[in-house]
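One-based numbering along the sequence shown.
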Amino acid sequence: MAGEKIRNMEEFARMSGISRPTLSKFFNDPTSVRASTRSRIEAALEQFDYRPNIYAMNQNRKLTKNIGIVVPLLSDPYFAEIARNLEQRCIAAGYRPTLFSSHGDTALEVEVLQTLRSLKPAGVLLAPLGRASDTKALEAFCAEVPTLIFDSSVEEIGLSFVGSDNVQFTTHITDYLCRTGEPPCFFEMRTPANPNAHRRRQAYITAMESFGHTPEVVSVDGEGWGFEEIGRLGGHEALKNKWFSTNTILCSNDRLAIGLLTACYEQGVRVGRGQDCAIRVAGQDGHPHSRYTCPPLTTISHNYDAVSQTAANALFLAIEGQLSPWKSTRLEGQLILRDSA
């Protein structure tokens, strides 16, 4: 077996000449074996470049069937929908899911992870706060518990990452708006809470430049997750001060777009694609209620089913001991054309 990768503890025991029970005892608690034995095992680990599958070992200890699902804000319709999908997949696979919200707070996200440790979950599906996350706390947690990161990636932490392709999202809908009317302005929060907002702004800028247009970003004040009201108030200010240089506005997310639609209504600005319309408005996310705005909102939607299925299946395989190298899986969005643009 020289030069071959050691696949499990049985092979490691055979190659190192150390009994399987002794190795298990060491990996469960290194101080539980004699110092001389510990030195032998550590030397063998270096020699054969073997790292035990801690997740599979935990499964052998018959951990609970609990799975934690953590999102930044459960009241946000996007996170509520993706959490609902993940919850159903966990139940169908025989697990007991528990939902947690970090409420957009770094300290609370760390507290949620501490709570999950006490539940001894079989695995966790985690949508982190992103830039606001405590990276060291996430790394420590993911080293102990099989954790699949979704929605917003934070370095190469966890088993792997599954989410939507925000660059494709914004590029695709920007291209559509440029081809069907005036090139769009980009409407966003100056200090966004949503971790994907920065990627979308940059994707818009890159797309506009590649299409031969000048990017125009309109950033409005606002803190937290009350996107609709921030979009309404910021929309009023932008319309009043004529900040929009074209009659087409691409919003950073659907919730901001919903607020902007309200501002347009309150100022008597007609939104849509008709000749009697003064402005076009589009969003991003496929908000569950975007079909029911007035007018119905053009958007680019997450593939909720594909994201939840890919994330859940990857976690289930890891729990069962089938680990793969870390990878990032980003799924394309679907353009949904409605009357607003």
Side-chain angles (χ1 to χ4, degrees), residues 73 75-78 104 169-170 172-194 196-198 200-205 207-208 211 213-301 333 335-341:
L73 195 69
S75 61
D76 183 289
Y78 161 67
F169 258 49
T170 306
H172 191 29
I173 197 166
T174 300
D175 175 57
Y176 163 75
L177 294 172
C178 288
R179 287 187 291 101
T180 55
E182 292 186 14
C185 296
F186 191 77
F187 185 61
E188 65 164 11
M189 291 169 59
R190 185 168 286 108
T191 54
N194 190 317
N196 292 315
H198 298 284
R200 293 179 180 180
R201 179 206 299 131
Q202 187 55 52
Y204 160 79
I205 292 171
M208 287 286 284
F211 299 149
H213 303 297
T214 301
E216 298 286 347
V217 178
V218 176
S219 303
V220 297
D221 293 331
E223 301 285 340
W225 291 79
F227 300 155
E228 292 86 357
E229 185 64 3
I230 292 170
R232 187 183 77 85
L233 295 177
H236 271 295
E237 190 174 10
L239 291 167
K240 178 182 176 181
N241 294 303
K242 302 185 185 305
W243 289 346
F244 297 127
S245 59
T246 80
N247 68 2
T248 304
I249 298 105
L250 172 61
C251 298
S252 179
N253 62 63
D254 284 352
R255 293 179 60 194
L256 279 176
I258 290 170
L260 178 58
L261 288 177
T262 302
C264 290
Y265 170 78
E266 291 173 345
Q267 290 202 23
V269 176
R270 190 171 179 84
V271 178
R273 294 183 289 177
Q275 292 184 349
D276 60 340
C277 296
I279 199 169
R280 294 190 301 163
V281 175
Q284 302 179 75
D285 278 335
H287 185 301
H289 299 156
S290 61
R291 172 68 181 83
Y292 306 103
T293 60
C294 188
L297 183 65
T298 288
T299 185
I300 187 158
S301 178
L335 184 63
I336 299 176
L337 303 181
R338 300 194 180 108
D339 291 343
S340 74

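Side chains of Arg338 and Thr293: a donor-acceptor N/O pair is absent below 3.5 angstrom, by distance only. A donor atom on one side chain and an acceptor atom on the other are not found under 3.5 Å apart for Arg190 and Ser219. Judged by distance alone, the side chains of Gln284 and Thr170 do bring a donor and an acceptor atom under 3.5 Å apart.
Counted within 6.0 Å of OH on Tyr265, heavy atoms from surrounding residues, nucleotides or ligands total 12 or fewer; the atom is thus considered open. A 6.0 Å sphere centred on CZ of Arg270 holds no more than 12 heavy atoms belonging to other residues, nucleotides or ligands.
Looking at heavy atoms from C-beta onward, Arg201 lies out of side-chain contact with Ser252 at the 4.5 angstrom threshold.
Between Gly283 and Leu297, the shortest heavy-atom distance links the atoms N-CD1, 4.0 Å. Shortest non-hydrogen contact noted between Thr174 and Pro184 is CG2-CG, 4.3 Å. The shortest non-hydrogen separation linking Thr299 to Gly286 is OG1-N, 3.2 Å. In terms of heavy-atom proximity, Val271 sits nearest to Ser340 at CG1-O, 3.8 Å.
For Arg232 and Glu229, the salt-bridge test passes: some basic side-chain N is under 4.0 Å from an acidic carboxylate O. A salt bridge is defined here as a Lys NZ or Arg NE, NH1 or NH2 lying under 4.0 Å from an Asp or Glu carboxylate O, and Arg200 with Glu188 fails to meet this definition. Taking the charged nitrogens against the carboxylate oxygens, Asp76 and Arg255 do have a contact shorter than 4.0 Å, which makes a salt bridge.
Taking the six-membered ring where the residue is Trp, Phe187 and Phe244 present perpendicular rings, their angle passing 60° and hence far from 30°.
Not one N or O on the side chain of Tyr204 forms a donor-acceptor pair closer than 3.5 Å with the backbone of Cys251.
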